[in-house]
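Quick note: numbers below take in every heavy atom, side chains included, and nothing from hydrogens, waters or symmetry partners. Since the model is a prediction, treat every value here as computed from it, not as a measurement.
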Amino acid sequence: MDKDASERRVVVGVDGSQSSYEALRWAVRYAGLVGGTVDAVAVWELPGLYGWSAPAVDMDVDEDETRQKMSQELTDVLGAGAADAVRTHVVHGNPADVLLRAAEGAEVLVVGSRGRGGFAAALLGSVSQHVSQHASCPVVIVRCQKQ
């Protein structure tokens with residue numbers, strides 16, 4: 001990801017959860033206030049990929065599917081005009097590690113409080129908790145509005 005020190009980058013994790021959509025909206029509003037740019041990061045990984053055997057799937061297909069889904073989600077959440085202003089990055093790996101690397105040199109890292117997995121009763125998801133403890137920049141954790 002481009003890490004130009006002269007720009008005020010806002011990095012946001014997008015994982016398809018309502019919480020990440022709220023984080024995306026927050027990141028776009030904040031970037032507008034500070035004259036920054038938004039880097040939306042979606043992370044994909046194959047469960048069990050790190051074992052001793054090779055994956056039995058085409059990894060390019062999974063990446064393409066993630067990229068298409070992310071593009072559609074950005075348009076649905078922000079509208080076509082605003083979505084075009086967001087730089088998108090689809091990266092394979094561990095979500096927390098990828099977000100930490102993406103946020104190096106950023107103004108702020110924005111994540112949702114809860115992702116798609118885990119325990120619904122937990123206050124923070126594992127990724128949001130991990131990045132809040134290890135990021136090299138400020139972290140904003142956005143809670144989803146009650147339905």
Side-chain angles (χ1 to χ4, degrees), residues 1-47 49 55 57-147:
M1 277 161 251
D2 299 328
K3 294 182 175 87
D4 183 355
S6 65
E7 70 178 351
R8 300 178 85 172
R9 285 186 319 114
V10 177
V11 176
V12 58
V14 180
D15 69 359
S17 68
Q18 288 301 315
S19 185
S20 77
Y21 297 159
E22 293 293 331
L24 177 62
R25 290 182 190 102
W26 193 97
V28 169
R29 284 191 306 268
Y30 180 79
L33 291 173
V34 300
T37 59
V38 177
D39 286 336
V41 179
V43 182
W44 67 279
E45 66 179 335
L46 297 173
L49 178 64
V57 297
D58 184 351
M59 291 178 58
D60 291 334
V61 170
D62 289 322
E63 182 177 1
D64 291 341
E65 183 177 314
T66 302
R67 191 174 308 282
Q68 291 171 358
K69 183 176 181 187
M70 181 182 192
S71 177
Q72 184 61 51
E73 288 174 343
L74 292 179
T75 300
D76 291 347
V77 172
L78 301 173
D84 289 341
V86 174
R87 296 184 299 203
T88 61
H89 306 277
V90 175
V91 183
H92 176 261
N94 174 279
D97 293 340
V98 169
L99 289 171
L100 289 171
R101 280 194 311 273
E104 291 174 3
E107 172 94 3
V108 66
L109 170 60
V110 185
V111 293
S113 61
R114 297 284 316 136
R116 294 179 298 165
F119 301 99
L123 293 175
L124 287 179
S126 60
V127 172
S128 56
Q129 184 172 15
H130 186 83
V131 300
S132 71
Q133 295 171 351
H134 299 285
S136 60
C137 66
V139 176
V140 173
I141 300 173
V142 180
R143 290 183 53 117
C144 187
Q145 297 290 333
K146 295 261 184 195
Q147 299 291 336

Problem - Step-by-step side-chain contact (heavy atoms from CB on, under 4.5 Å) determination, Val10 to Asp39 - result: CA-CA 6 Å; Val10 177; Asp39 286 336; over 6 Å; no
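- Atoms OG1 and NE2, from Thr66 and His92 in turn, are 9.5 Å apart once rounded to the nearest 0.5 Å.
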Problem - Residues Val111, Val131; criterion side-chain contact (heavy atoms from CB on, under 4.5 Å); working and verdict - result: CA-CA 9 Å; Val111 293; Val131 300; 4.1 Å; yes
Exercise for the section: Show the numbers, then the answer: is there a side-chain contact (heavy atoms from CB on, under 4.5 Å) between Arg8 and Val108? Expected result: CA-CA 9 Å; Arg8 300 178 85 172; Val108 66; over 6 Å; no
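- We find the CG-CZ distance between Leu24 and Arg29 to be 9.5 Å, quoted to the nearest 0.5 Å.
- Between Val139 and Ser132, the shortest heavy-atom distance links the atoms CG2-CA, 4.1 Å.
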Practice task
Carefully, step by step, assess Val90 and Met70 under the rule side-chain contact (heavy atoms from CB on, under 4.5 Å).
Solution key: CA-CA 8 Å; Val90 175; Met70 181 182 192; 4.0 Å; yes
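- Residue Ala27 comes nearest to Val110 through the heavy atom pair CB-CG2, 4.1 Å, listed as atom of the first residue, atom of the second, then distance.
- Listed for the Arg9 side chain is a donor-acceptor partner under 3.5 Å among the backbone atoms of Glu104.
- A donor atom on one side chain and an acceptor atom on the other are found under 3.5 Å apart for Arg87 and Thr37.
- Minimum heavy-atom separation, Val11 to Ala106: CG2-CB, 3.8 Å.
- Heavy atoms only, all atoms of each residue included: Leu99 and Gly13 are closest at CD2-CA, 3.8 Å.
- The aromatic rings of Trp26 and Tyr30 sit parallel to each other, their planes meeting at less than 30°, with 60° as the upper class boundary.
- Two residues are said to be in side-chain contact when any heavy atoms from C-beta on lie closer than 4.5 Å; Val43 and Asn94 fail this criterion.
- Ion pairing between Arg67 and Glu63 holds under the 4.0 Å rule for side-chain N and carboxylate O.
- In terms of modelled atom types and a separation under 3.5 Å, the side chain of Ser19 and the main chain of Ser113 share a donor-acceptor contact.
- Here the shortest heavy-atom pairing between Cys144 and Gln18 reads SG-CB, 3.5 Å.
- Between the side chain of Ser20 and the main chain of Asp15, a donor-acceptor pair closer than 3.5 Å is present.
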May I have the list of side-chain donor-acceptor pairs in residues 71-81 shorter than 3.5 Å, sequence neighbours left out?
unit_1	atom_1	unit_2	atom_2	d
Gln72	NE2	Asp76	OD1	2.7
Glu73	OE2	Tyr21	OH	3.0
Thr75	OG1	Ser71	O	3.1

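- For the residue pair Val38 and Val28, the shortest heavy atom distance occurs at CG2-CA, 4.0 Å.
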